[in-house]
Amino acid sequence: MRPTLLGLACWLFAVGGLCAESPVPKNHDRAIAKQPTYTSKAPLYVLLTFGPNADKSVWLVLDKSKRDAVTYDVLYVDRNADGDLTATANRLMGTSNGDATAFTLPEFRDPATGAVHKDFRVRASGKDKPDVMVSLRWQGKAKMGGGYPPDPGEYMKGSPRPETAPVVWFQGDGPFRFQRWYGGQLTIGAADELKVFLGQLGSGPSSFCAFQEHVLPDGEAVQATLVYHDKDGKERRESYDLKERC
C-alpha cells in the first residue's frame with residue numbers, strides 16, 4: 001500500500017526556536033500610498049514581508065518600459081517600506097536575456113531590523129505571465145530565495161491586483177518551517193527520495209522562501225515522520241533523520 005500522509009516533525013534549531021511557533025504572514029494591509037503611472041496595461045504585484053512577526057511590507061511591481069515591450073523590464077521596489085513607489089530610486093531597469101529579465105540591488109536594508117542584506121535580486125522569466133523569483137543574501141551571508149512551489153507546481157506569478165498578490169516572507173533568523181520538494185509518491189519497498197526546503201511559508205500559491213545553500217550546523221538533521229496504513233489497515237509511523245544535503 002502507498003503511504004497516505006507524509007508529516008514533517010518539528011525540530012529544534014540551533015537558536016532554540018520550535019518550528020511550530022513561527023508565524024505565517026496573513027491579513028496584510030495591502031493599501032499602496034502612492035503609485036506611478038504604469039506603462040503596462042497589466043502591471044504585476046508581489047508583496048515581500050520582513051521581521052520576526054512578518055509585519056513590515058515591501059511592494060514589488062513589474063512594469064514595462066514600452067506598451068509593446070515583449071517582457072516586463074521595469075521594476076518598482078518600495079525600498080523604505082513607506083508605501084510610496086513614485087520615488088526615483090524605487091524604479092529599476094532590468095537586464096534582459098531572452099525571455100528572462102533580472103533586476104538587482106547590491107544592498108537592501110531590512111525595514112524591520114535595519115540589517116543590510118546583500119545581492120537583492122528579482123528575476124522575471126517569461127512574457128505575459130512570467131515566473132517571479134526574489135532572492136537576497138541574508139545579512140550578507142546565507143542566500144535565500146522566494147517563489148518556490150511544492151513539487152510539482154509552477155513557480156510564483158505576480159498578480160494583476162494588490163489584493164491578490166502573493167506574499168513572500170524573508171526571515172533568515174528562525175524559527176523555520178519546511179516544504180516538501182520531491183518527485184512523486186513514495187512507494188513502500190522502493191528506494192524513493194524525499195526532499196524538503198528549509199525556510200518560511202508565505203501566503204498565496206508558490207510563495208515559499210527557502211535557503212539556497214546549507215545553513216544547518218554539522219550534525220543537525222530534519223526529522224521526517226512517515227504516517228501510513230499497512231496491509232491490514234493499521235496506522236504505522238516511521239521516523240527518519242534527513243541528513244543528506246542537496
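Here the structure is a predicted model, which means the values were calculated and not measured. We're numbering straight along the sequence, starting at 1.
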Novice: Could you tell me whether a side-chain N or O of Arg123 sits under 3.5 Å from a main-chain N or O of Val132, the two making a donor and an acceptor?
Specialist: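 The answer is no, because no donor-acceptor pair under 3.5 Å joins these two groups.
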Novice: Would you check if Phe170 and Cys209 make a side-chain contact, meaning some heavy-atom pair closer than 4.5 Å?
Specialist: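 Side chain of Phe170 against side chain of Cys209, heavy atoms only: contact under 4.5 Å found.
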Novice: Assess whether atom CD of Glu163 is packed by more than 12 heavy atoms of other residues, nucleotides or ligands within 6.0 Å.
Specialist: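 Yes, the 6.0 Å shell around CD holds more than 12 heavy atoms from other groups.
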Novice: In sequence, state the C-alpha distance, the side-chain angles, and the governing distance for Thr86 and Asp84, and then conclude on side-chain hydrogen bond (donor to acceptor under 3.5 Å, both in side chains).
Specialist: CA-CA 6 Å; Thr86 63; Asp84 183 358; 2.5 Å; yes
Novice: Quick check against the 3.5 Å criterion: does Gln212 have a side-chain atom that pairs as donor or acceptor with the backbone of Ala142?
Specialist: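 Absent.
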Novice: With no hydrogens and no angle check, is any side-chain donor or acceptor of Arg177 less than 3.5 Å from a backbone partner on Leu198?
Specialist: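 Pair absent, no side-chain N/O of Arg177 close to backbone of Leu198.
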Novice: Report the residues that fulfil ring-ring contact (aromatic ring centres under 6.0 Å, His included) with Tyr76, sequence neighbours left out, ordered by chain and then residue number.
Specialist: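 Tyr38.
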Novice: Please enumerate all residues that pass ring-ring contact (aromatic ring centres under 6.0 Å, His included) together with Tyr240, with sequence neighbours excluded.
Specialist: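 ring-ring contact (aromatic ring centres under 6.0 Å, His included) check on Tyr240 returns nothing, list empty.
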Novice: Just verifying a value: how many Å separate Leu47 CG and Trp169 CH2, rounded to the nearest 0.5 Å?
Specialist: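 Rounded to the nearest 0.5 Å, the CG-CH2 separation comes to 13.5 Å.
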Novice: Just verifying a value: how many Å separate Met144 CE and Phe211 CZ, rounded to the nearest 0.5 Å?
Specialist: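 If I round to the nearest 0.5 Å, the distance is 4.0 Å.
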Novice: Please evaluate residues Thr101 and Thr95 with respect to the criterion side chain to side chain contact (heavy atoms under 4.5 Å, CB included), reporting the C-alpha separation (whole Å), side-chain torsions for both, the decisive distance (0.1 Å), and the verdict.
Specialist: CA-CA 5 Å; Thr101 304; Thr95 301; 5.9 Å; no
Novice: Could you list the residues that satisfy side chain to side chain donor-acceptor pair (under 3.5 Å) with Lys64, not counting sequence neighbours?
Specialist: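 For Lys64, no residue satisfies side chain to side chain donor-acceptor pair (under 3.5 Å) once neighbours in sequence are set aside.
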Novice: Any idea which heavy atoms bring Lys66 and Thr39 closest together, and the distance?
Specialist: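 Heavy atoms only, the tightest pair is C-CG2, 3.6 Å.
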Novice: I need the minimum non-hydrogen distance between Val46 and Gly158, along with the two atoms involved.
Specialist: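 Closest heavy-atom pair between Val46 and Gly158: CG2-CA, 3.9 Å.
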Novice: According to salt bridge (charged side-chain N to carboxylate O under 4.0 Å, His left out), does anything in residues 125-149 pair up with another residue at least two apart or in another chain? List the pairs.
Specialist: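 Listed by first then second residue: Asp119-Arg137, Asp131-Lys157, Arg137-Glu213.
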Novice: Rounded to the nearest 0.5 Å, what separation is found between the OH atom of Tyr45 and the CG atom of Asp63?
Specialist: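 Between atom OH of Tyr45 and atom CG of Asp63 there are 9.0 Å.
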Novice: Heavy-atom count check: over 12 atoms from other residues, nucleotides or ligands less than 6.0 Å from Glu154 CD?
Specialist: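 No - once you tally the heavy atoms of other residues, nucleotides and ligands closer than 6.0 Å, there are 12 at most.
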Novice: Report yes if the side chains of Leu48 and Val134 come closer than 4.5 Å at any heavy-atom pair, otherwise no.
Specialist: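 In contact.
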Novice: Sub-3.5 Å donor-acceptor pair from the side chain of Thr164 to the main-chain atoms of Ser159, do we have one?
Specialist: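 Such a contact is absent between Thr164 side chain and Ser159 backbone.
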Novice: Distance check, rounded to the nearest 0.5 Å: Arg91 atom CZ versus Ser65 atom OG?
Specialist: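 Between atom CZ of Arg91 and atom OG of Ser65 there are 7.5 Å.
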Novice: Test ring-ring contact (aromatic ring centres under 6.0 Å, His included) on Phe197 and Tyr148 and set out the steps.
Specialist: CA-CA 9 Å; Phe197 283 128; Tyr148 286 107; 4.6 Å; yes
Novice: With a 4.5 Å cut-off on side-chain heavy atoms, are Val168 and Gln200 touching?
Specialist: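 Not touching, per the 4.5 Å side-chain cut-off.
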Novice: Take a 6.0 Å sphere around CG of Asn97 and say whether it holds more than 12 heavy atoms from other residues, nucleotides or ligands.
Specialist: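 Atom CG in Asn97 is not packed in, count stays at 12 or less.
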Novice: To the closest 0.5 Å, what do you measure between CZ (Arg236) and CD (Glu238)?
Specialist: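 If we round to the nearest 0.5 Å, Arg236:CZ and Glu238:CD are 8.5 Å apart.
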Novice: Identify the heavy atoms of Pro130 and Leu44 that sit nearest to each other, and give their distance.
Specialist: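 Taking Pro130 first and Leu44 second, the nearest heavy atoms are CD-CD1, 3.7 Å.
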Novice: Sequence neighbours excluded and cut-off under 3.5 Å, please list the side-chain donor-acceptor pairs for residues 103-113, or say none.
Specialist:
unit_1 : atom_1 : unit_2 : atom_2 : d
Glu107 : OE2    : Lys118 : NZ     : 2.7
Arg109 : NH1    : Gly114 : O      : 2.7
Asp110 : OD1    : Ala112 : N      : 2.8
Asp110 : OD1    : Thr113 : N      : 3.4
Asp110 : OD2    : His117 : NE2    : 2.9
Thr113 : OG1    : Ala115 : N      : 3.2

Novice: Below 4.5 Å, heavy atoms only, C-beta onward: do Arg180 and Pro150 meet side chain to side chain?
Specialist: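 Not in contact.
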Novice: As an exercise, state the distance from CZ of Phe208 to OG of Ser203, rounded to the nearest 0.5 Å.
Specialist: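 Interatomic distance, Phe208 CZ to Ser203 OG, rounded to 0.5 Å: 14.0 Å.
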Novice: In the structure I gave you, are the side-chain heavy atoms of Leu85 and Val61 within less than 4.5 Å of one another anywhere?
Specialist: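 Yes - at least one pair of side-chain heavy atoms lies under 4.5 Å apart.
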Novice: If we ignore hydrogens and angles and just use 3.5 Å, is the side chain of Asp73 paired with the main-chain N or O of Gly94 as donor and acceptor?
Specialist: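 Answer holds: no.
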Novice: Once side chain to side chain donor-acceptor pair (under 3.5 Å) is applied, do any residues pair with Asp82, and if so which ones, sequence neighbours excluded?
Specialist: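 Partners of Asp82 by the side chain to side chain donor-acceptor pair (under 3.5 Å) criterion, ordered by chain and then number, come out as Asn80.
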Novice: Which heavy-atom pair separates Ala42 from Ser40 by the least distance, and what is that distance?
Specialist: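 In this case the closest contact between Ala42 and Ser40 is N-OG, 2.9 Å.
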Novice: Which atoms form the tightest heavy-atom contact between Ala81 and Val58, and what is the distance?
Specialist: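 Ala81 and Val58 have their closest heavy atoms at CB-CG2, 4.1 Å.
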Novice: Shortest non-hydrogen contact from Ser125 to Ala100?
Specialist: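 In this case the closest contact between Ser125 and Ala100 is OG-CB, 4.0 Å.
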Novice: May I have the step-by-step check of side chain to side chain contact (heavy atoms under 4.5 Å, CB included) for Thr49 and Lys56, ending in yes or no?
Specialist: CA-CA 5 Å; Thr49 188; Lys56 293 294 183 181; 5.6 Å; no
Novice: Report yes if some heavy atom in the side chain of Gln171 is under 4.5 Å from a heavy atom in the side chain of Trp138; otherwise report no.
Specialist: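 In short, these two side chains touch, coming nearer than 4.5 Å.
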Novice: May I ask you to test the Arg30-Val167 pair for a side-chain heavy-atom distance under 4.5 Å?
Specialist: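 A side-chain contact under 4.5 Å exists here.
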Novice: Does Glu235 form a side chain to side chain contact (heavy atoms under 4.5 Å, CB included) with Val227? I'd like the steps, not just the answer.
Specialist: CA-CA 7 Å; Glu235 183 178 286; Val227 183; 3.8 Å; yes
